[in-house]
Amino acid sequence: MGKDEAFPEKDLSFTKAERLLRPAEFAEARKLGKRLSARSFNIYLLENKLGRIRLGLAISSRAGGAVKRNRIKRLLREFFRLNKELFPASTDILITAKSVESIKGLKDVEEDIKAALSKARKNL
RNA sequence: GGAGGACGCCGGGCGGCCGCUGCCUAAAGGCAGAGGAAAGUCCGGACACCAAAGGGCAGGGAGGUCGCUAACGGCGACCGGGGGCGACCCCAGGGAAAGGGCCACAGAAAAGAUACCGCCCUGAAGUAAAAUUCAGGGUAAGGGUGAAAAGGCGGGGUAAUAGCCCACCAGCCUGCCGGGCGACCGGCAGGGCUUGGUAACCCCCUCCCGGUGCAAGGCCGAAUAGGUUCCGCUUGAAGGACUGCCCGUCCUUUUUCCUUACGGAAAGGCGGAACGGGUUGGCUGCUCGAGCGCGCCGGCAACGGCGCGCCAAGACGAAUGGCCGCCAUCCCUUUUAAAAGGGAGACAGGAUCCGGCUUACGGCGCCCUCCGGCA
RNA sequence: UGGGGCGUCGCCAAGCGGUAAGGCACGGGGUUUUGAUCCCCGCACCCGGAGGUUCGAAUCCUCCCGCCCCAG
């Protein structure tokens, strides 16, 4: 955790205000959001007027049993919590599972999503 | 040592930092936070609403006996049948002389034996006599088919046969005796001689079952169009003032038709039902319960009773995760050893709650059986 | 949470107690100068899996596995 000490005031929390909570919000993000493609996930980004980023996860039963799906969601949440500054501000983010077989630990998630985000930033 | 069969237990432990959900608190902070299967959703309940309130039909389910249980298709003990050398295991295990259906192929015939090849008798033709052929009759011993062929074997008997008769055996039925709550078991006597299989085909018998499911249901908010129809009440109705409320009084606003009047009808008002339309937001249900642990008692057991102690997730786009240290288990390498280094750890996660069943899976313990070796 | 359906050759499928049709594809042969068309032959022994009932099971029953769909 040594690298976190460089940002002593960094916000590591993850409360309900930072999540998508209603079906309508999910549907909107999926329909109107800009889609990024990572190797294992699809990421939808949609600007909101709240002044904060919000995360929604949709892992379908195709990804596996309950244990496997929970594991993927927990890893994604953990990555989001530790790397909020990588995402554009005031945006709804929806992450969907594509093919999740290769995800074993937090490092796999980190590499995959970081690559997708930096690629998108270059294109802008 | 190998192969196998029962039964039971465990499902890593301690700690730090950063997070998540709930509860407590003024706050700081503290406490709690997935399983033996939480799973599959195969049964049974609790609970809630709707319908009915009696009886029957249809439909579905259960099926040895006795118990346990809130209930069960579950569990326990026992009985019967089957499998295994054995420890042990398996069984939808009522009825086939209530009825219907089916039993391919083969075979004469697959169930009221209309008997194919045969066997036997009689008559006719034929012949020296036979053989042989035809017609009528009596038979079911022998043959082959099949999963299955109308009790088995021996003797008597007959023209040839046949439970036609007899002995023994097997099976069935009836009666009696003994044991058991019972399923059933054991024994004796008699009878008729014999009755195929299939009910996880229809069916019959006995017993059980109303439907829908916590997205049930309740409250609030928002929104749409206080829309349409029907029923009941009301001739006056609505609003305001006095008042805590009712009655009562006063004031204001607002109708039409028929009838002398009582009254009736319509509009209006109030209440209810149905249809139609809108909303998918919050709270509740929501976790203390056929509850868990320990001890004693009753019972072969399933289980029950009593006493003491305990409170152990309650989320709702849905929480139990990430990183790290130490210990324990197992594996590999180095090493005489101690020890060091590296690695591994299954099946799988609540969604109203319980009781089972089934399936998935990593280990451990104890007992038993068979086989082999050594002493 | 509850309900329904499907699984048969590489693909599409019929059969629903008596030993598995058909089409496409594939392989071989024939016809043709060659190719296409056409004709003939071949191609399922584990009917998703495991038990059970039956003389006999793709078919009936039970339990699993996989896939698809529906309701609020």
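Letters A, B, ... are given to chains in the order of the sequence lines, protein chains preceding strands, and every chain is numbered from 1.
Qualifying salt bridge (Lys or Arg N to Asp or Glu O under 4.0 Å) partners for A/Glu25, counting only residues two or more places apart in sequence or in other chains: A/Arg54. With sequence neighbours excluded, no residue forms a salt bridge (Lys or Arg N to Asp or Glu O under 4.0 Å) with A/Arg71. A search for side chain to side chain donor-acceptor pair (under 3.5 Å) contacts involving A/Lys98 returns A/Ser37, not counting sequence neighbours. With sequence neighbours excluded, the residues that form a side chain to side chain donor-acceptor pair (under 3.5 Å) with A/Glu78 are A/Arg81. Residues that satisfy the side chain to side chain donor-acceptor pair (under 3.5 Å) test with A/Asp108, not counting sequence neighbours, are absent from this structure.
Comparing the P positions of B/C85 and B/C371 gives a spacing of 12 Å, expressed to the nearest Å. Nucleotides C/C9 and C/C45, compared at atom P, are 10 Å apart to the nearest Å. Rounded to the nearest Å, the gap between the P atom of B/C153 and that of B/G178 is 41 Å. Taking atom C1' on both nucleotides, B/G218 is separated from B/C361 by 44 Å, rounded to a whole Å. The same atom, P, is picked in B/A108 and in B/G143; the two are 15 Å apart, to the nearest Å. Using atom C1' as the reference point in both B/A346 and B/C47, the two lie 38 Å apart (nearest Å). Distance noted for atom C1' between C/A36 and C/G22: 24 Å (whole Å). B/G83 and B/G4: their C1' atoms are spaced 16 Å apart (whole Å).
Projected onto RNA chain B by closest heavy-atom contact, A/Thr15 and A/Leu106 fall at different nucleotides, the more 5' of which corresponds to A/Thr15. Nucleotides of RNA chain B nearest to A/Glu78 and A/Gly65 differ in position, and the one nearer the 5' end is that of A/Glu78.
With a glycosidic angle no further than 90° from 0, B/A34 counts as syn. Classified by its glycosidic torsion, B/G350 falls in the anti category, the angle being over 90° from 0. C/U54: glycosidic angle within 90° of 0, hence syn.
Considering only side-chain atoms of A/Leu75, the nucleotide from B/G322, B/C18, B/A319 that sits closest is B/G322. Residue A/Arg71 has its side chain nearest to B/G322 when only B/A348, B/G322, B/C20 are considered. Which of B/G19, B/G349, B/G321 sits closest to the side chain of A/Asn70 comes down to B/G349. The side chain of A/Arg77 lies closest to B/U320 when the candidates are B/G349, B/U320, B/G321. With B/A319, B/C20, B/C18 as the candidates, the nucleotide lying closest to the side chain of A/Leu12 is B/C18.
Ring pair A/Phe80/A/Phe87 is tilted by interplanar angle, where 30° to 60° counts as tilted.
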Polar atom pairs (N or O), protein with nucleotides 313-317 of chain B, under 3.5 Å:
unit_1 : atom_1 : unit_2  : atom_2 : d
B/C316 : OP1    : A/Lys16 : NZ     : 2.4
B/G317 : O2'    : A/Leu20 : O      : 2.5

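Between A/Lys84 and A/Glu18 there is a salt bridge, since at least one side-chain N of the basic residue sits less than 4.0 Å from a carboxylate O of the acidic one.
Under the Watson-Crick or G-U wobble criterion, with both distances below 3.5 Å, B/G86 is left unpaired in every strand shown.
The hydrophobic clustering, which links ILVMFWY residues whose side-chain heavy atoms are closer than 4.5 Å, places A/Leu86 and A/Leu45 together.
Atom-to-atom, NZ of A/Lys73 to C1' of B/G322 comes out at 17 Å; the value is rounded to the nearest Å.
Proximity of A/Arg74 to the phosphate of B/U320: a side-chain N or O atom is located under 4.0 Å from OP1 or OP2.
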